[in-house]
Amino acid sequence: MNGVCVPGFDRLLDFMETGWQGNGSEIIYGVWPDFRLAYFNEGWVRFARENGGAPWLMSPECLGRSVLEVTTPELRPFYRELFTRAITTVTARPYSISHEYECSSAEIYRKFAMLLFRLKGGQGLLIANSLVVEMPHTVRGTVPVEPSANSAPYHNEHELVIQCAACRRIRHQQLEGRWDWIPAWVSQPPERTSHGLCDLCMSYYYPAKG
Ligand SMILES: [Zn+2]
């Protein structure tokens, strides 16, 4: 099997259809019903490396840790609910739930699709992530903002910059509801950066509260 698996979890995977490991570009991991990591593939390691993940994330050391630990706190309640729903939802499809999310770099807009497979009566969950959209932000019509001239509009009363934990836009402190795309701060966030969710991401992840 491609990847690293804890003893016992592999028996939950033997019923998956041939080819579930994809073409090698997918990021695939498996969790127990309490969200502890039980399996990860090469794609997981590659993604962690390319996105500056901590060294323990790329080694078997991460097995047994909750995947919610590596989720941004702002989205933790969402993923806790999504994983719980995927483990408890029985469907006719091979996967129980799908979810799309943005994971962009400074230059490139990226959208991923996550498929959640309920394993053997809910004894575990296999989560497969594949890239569905990749293009430069400018092609999508996103207007990048260069903050170097005057970054004051982005600092709140505590001199903090607020970044959306999901789409990584920066809150404009003087224009209500405006969040700007500042590539330089995606590559290297200012020292005093705090996180929140922009209105659009709030309504996507938490529609009831949005
Ligand atoms: Zn956002």
Side-chain angles (χ1 to χ4, degrees), residues 26-27 29 35 43-44 47-54 57 66-86 97-116 127-210:
E26 284 92 348
I27 301 151
Y29 54 97
F35 315 128
W44 162 285
F47 184 78
R49 194 171 47 231
E50 288 170 1
N51 292 279
L57 254 178
S66 169
V67 282
L68 294 176
E69 260 185 65
V70 296
T71 311
T72 175
E74 285 72 23
L75 298 181
R76 217 167 272 161
F78 170 82
Y79 281 106
R80 183 185 300 279
E81 194 276 334
L82 183 76
F83 293 166
T84 302
R85 197 149 42 88
I97 287 179
S98 66
H99 162 63
E100 288 196 339
Y101 60 100
E102 181 180 345
C103 190
S104 294
S105 70
E107 296 79 26
I108 310 291
Y109 170 85
R110 287 195 196 95
K111 191 159 82 176
F112 282 86
M114 174 187 274
L115 293 182
L116 300 103
I127 298 152
N129 302 266
S130 55
L131 187 64
V132 286
V133 180
E134 183 173 45
M135 61 175 82
H137 290 283
T138 45
V139 172
R140 291 186 77 232
T142 303
V143 181
V145 172
E146 179 56 67
S148 54
N150 179 17
S151 66
Y154 300 103
H155 289 94
N156 71 8
E157 66 274 27
H158 307 294
E159 289 301 308
L160 277 171
V161 162
I162 311 296
Q163 183 178 48
C164 175
C167 72
R168 309 179 81 184
R169 281 176 172 71
I170 304 286
R171 180 179 201 155
H172 195 293
Q173 296 293 341
Q174 292 157 10
L175 299 170
E176 183 66 30
R178 180 165 147 182
W179 294 69
D180 286 334
W181 182 248
I182 305 181
W185 287 358
V186 172
S187 307
Q188 178 128 39
E191 211 169 293
R192 291 176 58 76
T193 298
S194 184
H195 290 91
L197 286 174
C198 73
D199 303 339
L200 214 60
C201 291
M202 179 62 93
S203 62
Y204 179 63
Y205 283 96
Y206 302 107
K209 299 177 200 166

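Heavy-atom basis, side chains included; hydrogens, waters and symmetry copies ignored. Predicted model, so just to flag it, every value in this text is computed and none were measured. Just so you know, ligand 1 is whichever comes first in the structure, and atom 1 is the first atom listed for that ligand.
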Exercise. When the ring planes of Y205 and Y79 are compared, do they come out parallel, tilted or perpendicular, using 30° and 60° as the limits?
Worked result: tilted
Problem set entry | Non-neighbouring partners of Y204 that pass side-chain hydrogen bond (donor to acceptor under 3.5 Å, both in side chains), sequence neighbours left out | none
For this session: Rounded to the nearest 0.5 Å, what's the gap from CD on E176 to CG on D199? Could you check?
Result: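 Taking CD in E176 and CG in D199, the distance rounds to 7.5 Å.
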Problem set entry | Test ring pair (Phe, Tyr, Trp, His ring centres under 6.0 Å) applied to Y109 - qualifying residues, sequence neighbours left out | none
Exercise. How would you list all residue pairs meeting salt bridge (charged side-chain N to carboxylate O under 4.0 Å, His left out) that involve residues 98-112, not counting sequence neighbours?
Worked result: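 Listed by first then second residue: E100-K111, R110-E134.
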Exercise. Under 4.5 Å between any side-chain heavy atoms of C167 and W179, yes or no?
Worked result: no
Seminar exercise, completed: Atoms listed for the Zn ion (ligand 1) (protein only, N, O or S, under 2.8 Å, no waters) are C164 SG, C167 SG, C198 SG, C201 SG
